[in-house]
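All of these numbers come straight from a predicted model, not from anything done at the bench. Along the sequence shown, the residues carry numbers beginning at 1. Ligands are counted one by one from 1 in listed order, and the atoms in each one are counted from 1 as well.
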Amino acid sequence: MKKILVTDLIPKSTLKLLRKHFEVDINTSGQDLSRDEILSSFNNYDGILSMFSNKIDKEVIDTLSNVKIIANYAVGYNNIDVNYAKEKGIAISNTPDVLSDTTAETAWALLITVARRIVEADKYLRDGKWQKFSFDFMAGQDIHNKTLGIVGAGRIGKKFAQKSVGYNMKILYYNRKRDIDFENEYDAEYVDLNTLMANSDFVSVHVPLTSSTHHLINYDNMSLMKNNAILINTSRGAVIKEEALVKILKEKKIFGAGLDVYENEPLVPIDLIKMDNVVLLPHIGSSSTETRTAMADLAARNIISVLNGGEPLTGV
Ligand code: 8YV
């Protein structure tokens with residue numbers, strides 16, 4: 001029987017599915033596998049179901065001669081040197097589509113929470129500070145009738161746009177290439193990044209992390225944002241230059257930010273933690289029970305397909 005390694009806990013139903021086909025080892029330690037464990041153990045298996053926290057670079061890939069597929073339990077795959085793996089004949093798959101709505105919902109949750117100061121207000125009440133009405137008490141920003149700037153109109157960016165419909169918003173988008181269907185569907189306008197940053201009330205980032213999107217959002221383009229603007233990131237931390245964002249927030253150049261991802265996870269800059277106008281999530285973009293189950297199933301089905309001699313269902 002072929003052997004599979006699952007590098008962290010996954011839903012029981014998916015484990016059951018995998019066990020019908022393979023002998024399965026799973027890391028149940030509650031800790032990420034160490035670099036040494038990855039280097040010494042991966043090649044004992046025919047397939048790996050990996051987490052986005054597992055760094056699978058050239059050095060790791062050079063240890064692999066048995067492994068036929070690495071199925072990443074994430075849509076993002078910047079943790080894997082995909083080109084090098086493919087050169088070595090290892091298939092790589094990710095989990096697109098099944099998490100797009102959920103991740104877009106997380107971005108919306110952050111947007112609304114920052115704009116309407118929900119976390120700050122909740123904390124104020126719990127701290128026993130609520131005394132009386134005043135006209136500007138916890139006054140935030142309206143969302144309806146505003147301009148939404150979408151950086152990256154791929155699968156998740158499009159779902160994010162779709163969910164804005166009831167808010168009657170103007171949509172600006174920046175993408176590698178124009179998408180006429182998207183423009184027609186949402187009356188969206190294709191603009192360059194600086195125009196988007198300068199004219200949006202809310203900017204939400206949905207690009208994958210690549211060498212060309214690393215630090216795409218920097219001090220210079222954040223400086224163009226409106227004073228009341230809000231920046232949302234549910235993609236990858238390093239798409240935004242984090243220290244520049246801290247500076248922009250300290251200088252009160254924007255209203256606030258909502259972040260699910262960070263440059264050096266799980267480390268979050270203490271400056272951000274101290275700010276009331278920033279809502280911080282611990283990378284839970286796809287974390288609904290339904291979606292995490294669907295992602296695990298898709299990863300498992302990719303492994304089943306490849307180890308039965310087929311192609312990955314969602315190869316990258
Ligand atoms: C993570 C994600 O996989 O799919 C991605 O690229 O970033 C998320 O869905 C998930 O949060 C793992 O913890």
Side-chain angles (χ1 to χ4, degrees), residues 5-15 26-33 38 48-57 69-82 85 92-110 150-160 163 204-214 216-217 232-240 242 258-268 279-303 312-316:
L5 174 66
V6 179
T7 68
D8 208 324
L9 295 177
I10 57 170
K12 282 203 182 80
S13 54
T14 310
L15 205 50
I26 177 164
N27 168 25
T28 54
S29 69
Q31 306 287 325
D32 283 335
L33 292 180
I38 289 177
I48 309 284
L49 198 156
S50 61
M51 305 297 137
F52 84 104
S53 49
N54 302 140
K55 189 165 188 217
I56 305 175
D57 54 12
I69 171 156
I70 300 173
N72 215 34
Y73 191 177
V75 67
Y77 46 85
N78 52 293
N79 56 312
I80 304 176
D81 189 332
V82 173
I92 307 292
S93 66
N94 67 342
T95 61
D97 296 317
V98 292
L99 49 57
S100 300
D101 275 298
T102 304
T103 308
E105 284 169 4
T106 305
W108 270 101
L110 281 169
I150 301 179
V151 180
R155 298 182 189 91
I156 299 172
K158 283 183 179 140
K159 290 289 186 183
F160 182 75
K163 293 175 201 317
S204 191
V205 180
H206 299 284
V207 291
L209 177 61
T210 65
S211 51
S212 49
T213 62
H214 184 262
L216 178 70
I217 309 293
I232 304 297
N233 190 11
T234 53
S235 64
R236 284 292 180 268
V239 174
I240 298 179
E242 210 164 65
L259 306 173
D260 184 44
V261 289
Y262 308 88
E263 277 206 71
N264 301 301
E265 294 174 13
L267 297 180
V268 179
V279 174
L280 304 169
L281 299 178
H283 200 150
I284 58 165
S286 63
S287 192
S288 68
T289 306
E290 300 95 319
T291 291
R292 283 288 167 82
T293 304
M295 289 165 69
D297 280 354
L298 182 54
R301 286 191 289 114
N302 271 290
I303 296 179
L313 307 175
T314 51
V316 295

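The atoms of ligand 1 that sit less than 4.0 Å from any heavy atom of Gly76 are 4 (O), 5 (C), 6 (O). The atoms of ligand 1 that sit less than 4.0 Å from any heavy atom of Arg236 are 2 (C), 5 (C), 6 (O), 7 (O). With ligand atoms numbered from 1 in the order given, ligand 1 contributes 3 (O) to contacts under 4.0 Å with heavy atoms of Tyr73.
Nearest to atom 7 (O) of ligand 1 by heavy atom, out of Met295, His283, Glu265, is His283.
More than 12 heavy atoms of other residues, nucleotides or ligands sit less than 6.0 Å from atom NZ of Lys163. No more than 12 heavy-atom neighbours from other residues, nucleotides or ligands sit within 6.0 angstrom of OH on Tyr77.
Under 3.5 Å, the side chains of Asp260 and Thr106 contain no donor-acceptor pair of N or O atoms. Counted by atom type alone, Thr7 and Asn27 present zero donor-acceptor pairs between their side chains at under 3.5 Å.
Considering only non-hydrogen protein atoms, atom 4 (O) of ligand 1 sits nearest to Val75 N, 2.6 Å. What sits closest to atom 10 (C) of ligand 1 on the protein, heavy atoms only, is Arg292 NH2, 3.1 Å. Scanning the protein for heavy atoms near atom 13 (O) of ligand 1, the closest one is Phe52 CE2, 3.4 Å. The protein atom (non-hydrogen) at minimum distance from atom 9 (O) of ligand 1 is Ser286 OG, 2.6 Å.
Counting heavy atoms under 4.0 Å from ligand 1, residue Leu99 touches it through the side chain alone.
The only member of Val279, Leu259, Asn233 that meets side-chain contact (heavy atoms from CB on, under 4.5 Å) when paired with Leu110 is Val279.
Under a 4.0 angstrom heavy-atom cut-off, Met51 registers as lying outside contact with ligand 1.
Using a distance-only test at 3.5 Å, with no hydrogens or angles considered, no donor-acceptor pair links the side chain of Asn72 to the main chain of Ile92. Using modelled atom types, one side-chain atom of Thr314 and one backbone atom of Asn94 make a donor-acceptor pair closer than 3.5 Å.
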- Before giving the answer on side chain to side chain contact (heavy atoms under 4.5 Å, CB included), spell out for Leu5 and Leu33 the whole-Å C-alpha distance, their side-chain angles and the decisive distance to 0.1 Å. CA-CA 11 Å; Leu5 174 66; Leu33 292 180; 4.2 Å; yes

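Not one N or O of Ser235 is nearer than 3.5 Å to an N or O of ligand 1, by distance alone.
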